[in-house]
Amino acid sequence: MPLPTPRSSLKAVLIASTLLAGGAVGTALPVAPAHAEVPMQGYADLVARVSPAVVFIEVTAKSQETASMAASPLEEFLRRFGEIDPQFRMPGPPERERDRVMHGLGSGFLISQDGVIVTNNHVVENATDMTVKLEDGREFKAEMVGADPMTDIAVIRLRDASDLPFVEFGDSDRLRVGDAVVAVGNPFGLGGTVTSGIVSAMGRNINSGPYDDYIQTDAAINRGNSGGPLFDTAGKVVGMNTAIFSPSGGSVGIGFSIPANTVRDVVAQLQETGSVSRGWLGVTIQPLTPEIAQAMGLEGSRGALVAEVQPDSPAEAGGIESGDVITAVNGQEIGERSSLPRLIAAIPNGEEARLTVQRDGRESEMTVTIGELSADRLEPAAAAAPEGLGAPLGLEVQPLEPALARQLGLPEGASGVVVTAVDPAGPNAGRLAPGDVIEEAGGRAIATPRDLASAVAEARGRGVLLLKVLRQGNPVYVGAEVASS
């Protein structure tokens, strides 16, 4: 799976479900400024005011697993860190496919008197039954309103509820690093739990999806906290707790929350239509690393490199070409690769977008009429996203697209995978560098990240893997270390 940012040997863990067994429609929610002051008397008054609106969600979900298939890396990862825990699975028959009932716990928060609740999609995904418990002991059955897996946001509604406590959204754009925050949730099913800390960083990309833009906090959050609110000191929701970095599955003081402004916009669409509409450009993009920028004769490394333009797409109609570097959308600069999907997604279908493009060393403005992103268009758009080999090599790699090969001055027909990032604490820091093209591994030709992953798996017992690498167009051999875990 992709390495988290910043590069680390720690794992990114979705923190929602501790598994125990196998307003008005479309109306913008109120906002309020963030406050950094920590009250001298602590947070007791704030907690007393907001905690009645924080809920405990019990979910029964039904899923299928293929018994004869080996576990995928993602499944193994989830088993290790608590999302799928084999010791709590219900035994089942050995058919090729078998039904499995799972029970999970998560958090959420009320945003209206009539029982509208916001939580994470991964808390309630595939739920067949949802029971919501309030702080005062009352219980309600809930039903799904809508969910958006791409941002991991879901909206559910309590049945036959009225006059309930609720909280309001704050303005997450006004948060600053160092601002005080308070998290409320139900870690490990223990019931209402309060922790406090500060905003550690903004705009974090942990490679969990195409629209990563997390608030990082050191307020302790754990499994079962997913979907719970992150409050500022005014008692406004500035984030929704969703993930943690952790080598063990427990809190080590590095947690991630979806910004309230993102949650508010998605919730408004889910309440209105049950789904989310996003803008579509129709390009496959890659990160513009400093090495690639240097090879292309560009100053700096900001922007998104277009590896491929999809046929019959808005980008093709607007004149975008493979090898272009998009540096801004409607005047807003692209600071990193992941910001282009977020900027395009926010543009409604049919609206024009002004793109700043660098081509052959020249900058120009191009106007493109944005389309609507659909499920069948999402897969190609994400095709060039980096794939991580995690601890074994400590790398992120990406297919060598023809356009990128030309830009790097490689011969026609060159194949391999491009190293896009190297973990500075990983086993091959100093041996490999971004921009290296891995052509062979263990004597095997490499064409895709999956090919490299297979070669790495075979080399685990030996601890070293011989790579043939193109570095600045010259072939070199590298003895790469393969970590044992």
Asks: Does D218 use its side chain to pair, donor to acceptor, with the backbone of I198 at less than 3.5 Å?
Replies: yes

Asks: With sequence neighbours left out, write down each residue that passes side chain to side chain donor-acceptor pair (under 3.5 Å) with S257, or none if nothing qualifies.
Replies: N241

Asks: Partners of K133 by salt bridge (charged side-chain N to carboxylate O under 4.0 Å, His left out), sequence neighbours excluded?
Replies: E58, E139

Asks: If only atom types and distance count, is the side chain of T327 paired as donor or acceptor with the main-chain N or O of V357 below 3.5 Å?
Replies: no

Asks: Kindly give the heavy-atom pair with the smallest separation between V47 and S51, and that separation in Å.
Replies: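 So the two residues come closest at O-OG, 2.7 Å.
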
Asks: Could you tell me if the side chain of L230 sits less than 4.5 Å from the side chain of K236, heavy atoms only?
Replies: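 In short, these two side chains do not touch, never coming nearer than 4.5 Å.
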
Asks: Any side-chain heavy atom of I254 within less than 4.5 Å of one from Q216?
Replies: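 The answer is yes; the side chains approach within 4.5 Å.
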
Asks: Do E372 and S277 meet the criterion of a side-chain donor-acceptor pair at a distance under 3.5 Å?
Replies: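 Note: E372 and S277 side chains meet the donor-acceptor criterion.
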
Asks: Would you say Y43 and V194 make side-chain contact, with heavy atoms under 4.5 Å?
Replies: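 SC-SC contact between Y43 and V194 ruled out.
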
Asks: Determine, step by step, whether V55 and I57 satisfy the side chain to side chain contact (heavy atoms under 4.5 Å, CB included) criterion, reporting the C-alpha distance in whole Å, the side-chain angles of both residues, the deciding distance to 0.1 Å, and the verdict.
Replies: CA-CA 6 Å; V55 301; I57 304 173; 4.1 Å; yes

Asks: Shortest non-hydrogen contact from P314 to L281?
Replies: CD-O, 3.4 Å

Asks: Set out, in order, the CA-CA distance, both residues' side-chain angles and the distance that settles side chain to side chain contact (heavy atoms under 4.5 Å, CB included) for D160 and F140, then state yes or no.
Replies: CA-CA 8 Å; D160 303 320; F140 295 87; 5.8 Å; no

Asks: Which heavy atom of V418 sits nearest a heavy atom of P399, and at what distance?
Replies: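 Taking every non-hydrogen atom into account, CG2-O, 4.5 Å.
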
Asks: Might you point out which heavy atoms bring G303 and V325 nearest each other, and give the distance in Å?
Replies: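 Closest heavy-atom pair between G303 and V325: CA-CG1, 4.2 Å.
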
Asks: Which atom names give the shortest non-hydrogen contact between P229 and G108, and what distance separates them?
Replies: CD-O, 4.4 Å

Asks: If I take atom CZ from residue F56 and atom CD from residue E135, how far apart are they, to the nearest 0.5 angstrom?
Replies: 13.5 Å

Asks: Is it the case that the side chain of D152 and the backbone of H122 share a donor-acceptor pair, with hydrogens and angles ignored and the cut-off at 3.5 Å?
Replies: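 Answer holds: yes.
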
Asks: Taking only residues two or more places apart in sequence or in another chain, which ones pass side chain to side chain donor-acceptor pair (under 3.5 Å) with T193?
Replies: none

Asks: So does D114 pair up with R157, basic N to acidic O under 4.0 Å?
Replies: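 Looking at R157 together with D114, the answer is yes, because their closest N to O distance falls below 4.0 Å.
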
Asks: When you compare the side chain of I370 with that of E351, does any pair of heavy atoms fall below 4.5 Å?
Replies: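 Of all side-chain heavy-atom pairs linking I370 with E351, none is under 4.5 Å.
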
Asks: Are the side chain of T119 and the backbone N or O of S107 linked by a donor-acceptor pair below 3.5 Å?
Replies: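 Present.
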
Asks: Report the residues that fulfil side chain to side chain contact (heavy atoms under 4.5 Å, CB included) with A328, sequence neighbours left out, ordered by chain and then residue number.
Replies: T356

Asks: With rounding to the nearest 0.5 angstrom, report the CZ to CG distance, F169 to D265.
Replies: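 Reported to 0.5 Å precision, the distance equals 9.5 Å.
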
Asks: Within the distance-only criterion (no hydrogens, no angle test), does the side chain of T273 pair as donor or acceptor with the backbone N or O of L270 below 3.5 angstrom?
Replies: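 No: the side chain of T273 does not pair with the backbone of L270.
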
Asks: Where do D171 and N261 land on the side-chain hydrogen bond (donor to acceptor under 3.5 Å, both in side chains) test, with the steps shown first?
Replies: CA-CA 6 Å; D171 185 356; N261 289 3; 2.9 Å; yes

Asks: Measure the CD1-CZ distance between I258 and R264 for me, rounded to the nearest 0.5 Å.
Replies: 14.0 Å

Asks: Does N120 use its side chain to pair, donor to acceptor, with the backbone of G227 at less than 3.5 Å?
Replies: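 Such a contact is found between N120 side chain and G227 backbone.
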
Asks: Keeping the roles fixed (side chain from S454, backbone from R450), state whether a donor-acceptor pair exists under 3.5 Å.
Replies: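 Side chain of S454 to backbone of R450, a donor-acceptor pair under 3.5 Å: yes, one is there.
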
Asks: Of all residues at least two apart in sequence or in a different chain, which pass the salt bridge (charged side-chain N to carboxylate O under 4.0 Å, His left out) check with D136?
Replies: R138

Asks: Pair I334, I326 - check side chain to side chain contact (heavy atoms under 4.5 Å, CB included), show working.
Replies: CA-CA 8 Å; I334 296 171; I326 302 173; 3.8 Å; yes

Asks: Look only at the side chain of D451 and the backbone of A447, and say whether a donor-acceptor pair between them is shorter than 3.5 Å.
Replies: yes

Asks: Going by salt bridge (charged side-chain N to carboxylate O under 4.0 Å, His left out), name the pairs with one or both residues in residues 120-132, residues two or more places apart or in two chains.
Replies: D129-K141

Asks: Check whether any side-chain heavy atom of V238 lies under 4.5 Å from a side-chain heavy atom of F231, and answer yes or no.
Replies: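 Sidechains of F231 and V238: no contact.
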
Asks: Is there a side-chain contact between I153 and N121 in this structure, where contact means two heavy atoms from C-beta onward sitting under 4.5 Å apart?
Replies: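 Not touching, per the 4.5 Å side-chain cut-off.
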
Asks: Do R278 and D148 meet the salt-bridge criterion of a basic N to acidic O distance under 4.0 Å?
Replies: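 Here D148 pairs with R278 in a salt bridge, since their nearest N and O are under 4.0 Å apart.
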
Asks: Between L164 and L134, is any pair of side-chain heavy atoms under 4.5 Å apart?
Replies: yes

Asks: Are V199 and D179 close enough, and set up right, to give a side chain to side chain contact (heavy atoms under 4.5 Å, CB included), and what steps lead you there?
Replies: CA-CA 5 Å; V199 173; D179 277 350; 4.2 Å; yes

Asks: Quick one: which of V419, T420, V417 gives a side chain to side chain contact (heavy atoms under 4.5 Å, CB included) with E396?
Replies: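 Among V419, T420, V417, the one that satisfies the side chain to side chain contact (heavy atoms under 4.5 Å, CB included) with E396 is T420.
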
Asks: Can you tell me how far the CE atom of M130 sits from the CG atom of L158, to the nearest 0.5 Å?
Replies: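 Spacing of CE (M130) from CG (L158) equals 9.5 Å.
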
Asks: Between Q310 and E316, which heavy-atom pair has the shortest distance, and what is it?
Replies: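 That would be O-CB, 3.9 Å.
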
Asks: Are D423 and L395 packed together at the side-chain level, in the sense that at least one heavy-atom pair is separated by less than 4.5 angstrom?
Replies: no

Asks: Got a salt bridge between E143 and R159, using NZ or NE/NH1/NH2 to carboxylate O under 4.0 Å?
Replies: yes

